[in-house]
Amino acid sequence: MALKLLVGTTNAVKVAIVRAAVRTLPIELLTPDDLGIDLQINETGQTTLENATLKAQAYCAQTNLPTLAIDGGLWIEKFPPEKQPGTRVKRIENNGTAETDILAYYIRELEAVGGESPCTWEGGLALALPDHRVLTEIYQTHSILTAKAHGTATPDVALSPITIDPRTGKYYSEMSWDEHPDVHKIQLFLRKFISLNAGGDNSV
């Protein structure tokens with residue numbers, strides 16, 4: 001029997017990535033839209049893990065379902081400390097910036113440091129369980145940011161046209177969700193959830 005898991009986000013990209021991660025796992029993935037839930041969560045954490053935990057616990061408390069939440073951060077090698085996005089990747093200059101403005105901002109800043117830079121993406125994963133346990137993990141992926149855009153900025157993936165996967169040489173904008181480097185790491189994390197449920201029911 002498939003284990004029920006709620007993904008604690010309305011971000012379409014994160015939902016797509018988690019959906020790709022569970023495709024070969026015995027998990028039935030649910031979204032807030034599936035359940036008619038609309039939570040407004042104030043992300044007050046100072047780290048990706050703190051923000052992910054806040055989101056996972058809030059959705060789990062609302063639904064009594066095991067809930068996975070993800071929060072991301074970005075550190076760019078050639079940027080000075082005051083320019084580091086950290087956990088505020090899309091909240092640059094002012095809140096509510098449009099995707100095209102976000103892309104233009106990073107292109108401008110990359111041009112100022114020579115046109116490209118290695119960078120590290122951090123993912124904070126939190127899996128909140130109905131019995132109040134929380135599984136957490138931090139993972140990192142390394143890529144290259146370039147001022148030479150390929151493709152266009154779209155909702156929730158503003159930087160994919162300027163992010164290159166060094167393993168394949170592909171822009172993130174060219175990759176399928178199954179190829180996305182986060183998918184395998186999320187899948188490994190979710191295997192711990194499956195192990196907890198081995199021989200038991202899906203309420204953990």
Separation of [Y] [atom2] from [X] [atom1] (nearest 0.5 Å):
X	Y	atom1	atom2	result
T136	L127	OG1	CG	10.0 Å
N64	L6	CG	CG	11.5 Å
C119	Y106	SG	OH	10.0 Å
D165	T141	CG	OG1	8.5 Å
Q84	E77	CD	CD	10.0 Å

Answer yes or no: is there a side-chain heavy-atom contact under 4.5 Å between [X] and [Y]?
X	Y	answer
S143	I164	no
L74	L159	yes
P66	C60	no
L110	R108	no
K14	V7	no

By salt bridge (charged side-chain N to carboxylate O under 4.0 Å, His left out), E137 pairs with (sequence neighbours left out) K192

Review point. Excluding sequence neighbours, so at least two apart, what forms salt bridge (charged side-chain N to carboxylate O under 4.0 Å, His left out) with E179?
Key: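 Here the qualifying residues are K170.
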
Can you sort out the partners of [X] under side-chain contact (heavy atoms from CB on, under 4.5 Å), two or more places apart, ordered by chain and number?
X	answer
A158	E99, I102
D178	A20, R23, S176
I186	I17, A21, L68, I70, L125, Y139, D182, L190
T100	A98

Answer yes or no: is there a donor N or O on one side and an acceptor on the other, between the side chain of [X] and the main chain of [Y], under 3.5 Å?
X	Y	answer
K78	E116	yes
N51	G45	yes
N42	T44	no

Those residues at least two apart in sequence (or on a different chain) that pass ring pair (Phe, Tyr, Trp, His ring centres under 6.0 Å) with Y172 are H180

ILVMFWY network linking [X] to [Y], side-chain heavy atoms under 4.5 angstrom:
X	Y	answer
V113	W121	yes
F189	I27	yes
L103	Y105	yes
V22	V13	yes
L5	L25	yes

Q. Using links of under 4.5 Å between side-chain heavy atoms of ILVMFWY residues, direct or through other members, which residues join L188 in one cluster?
A.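 None; L188 is a cluster of one.
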
query = Will you find, in the side chains of T48 and E122, an N or O donor that is under 3.5 Å from an N or O acceptor?
reply =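 Side-chain D/A pair, T48 to E122: present.
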
message = Going by the rule side-chain hydrogen bond (donor to acceptor under 3.5 Å, both in side chains), which residues pair with T67 if we only count those two or more places apart in sequence or in a different chain?
response =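 T67 satisfies side-chain hydrogen bond (donor to acceptor under 3.5 Å, both in side chains) with no other residue.
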
Heavy-atom closest contact ([X] atom, [Y] atom, distance):
X	Y	result
P181	M175	CD-CE, 3.9 Å
K55	A69	CB-CB, 3.7 Å
A52	G124	CB-O, 3.3 Å
V15	L29	O-CD2, 4.5 Å

Exercise for review: Evaluate side-chain hydrogen bond (donor to acceptor under 3.5 Å, both in side chains) for Q187 paired with T24, printing each intermediate quantity in order.
Suggested key: CA-CA 9 Å; Q187 189 177 74; T24 59; 3.1 Å; yes

Review item, side-chain donor-acceptor pairs of residues 32-40, under 3.5 Å, at least two apart:
unit_1, atom_1, unit_2, atom_2, d
D34, OD2, T31, N, 2.9
D34, OD2, T31, OG1, 3.2
D38, OD1, Q40, NE2, 3.1

Under 3.5 Å, sequence neighbours excluded: what are the donor-acceptor pairs made by side chains of residues 144-151?
unit_1, atom_1, unit_2, atom_2, d
T146, OG1, K148, N, 3.1
H150, NE2, E174, OE2, 3.4

- Item | ring pair (Phe, Tyr, Trp, His ring centres under 6.0 Å) partners of residues 35-81, not counting sequence neighbours, each pair once |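 Matches after skipping sequence neighbours: none remain.
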
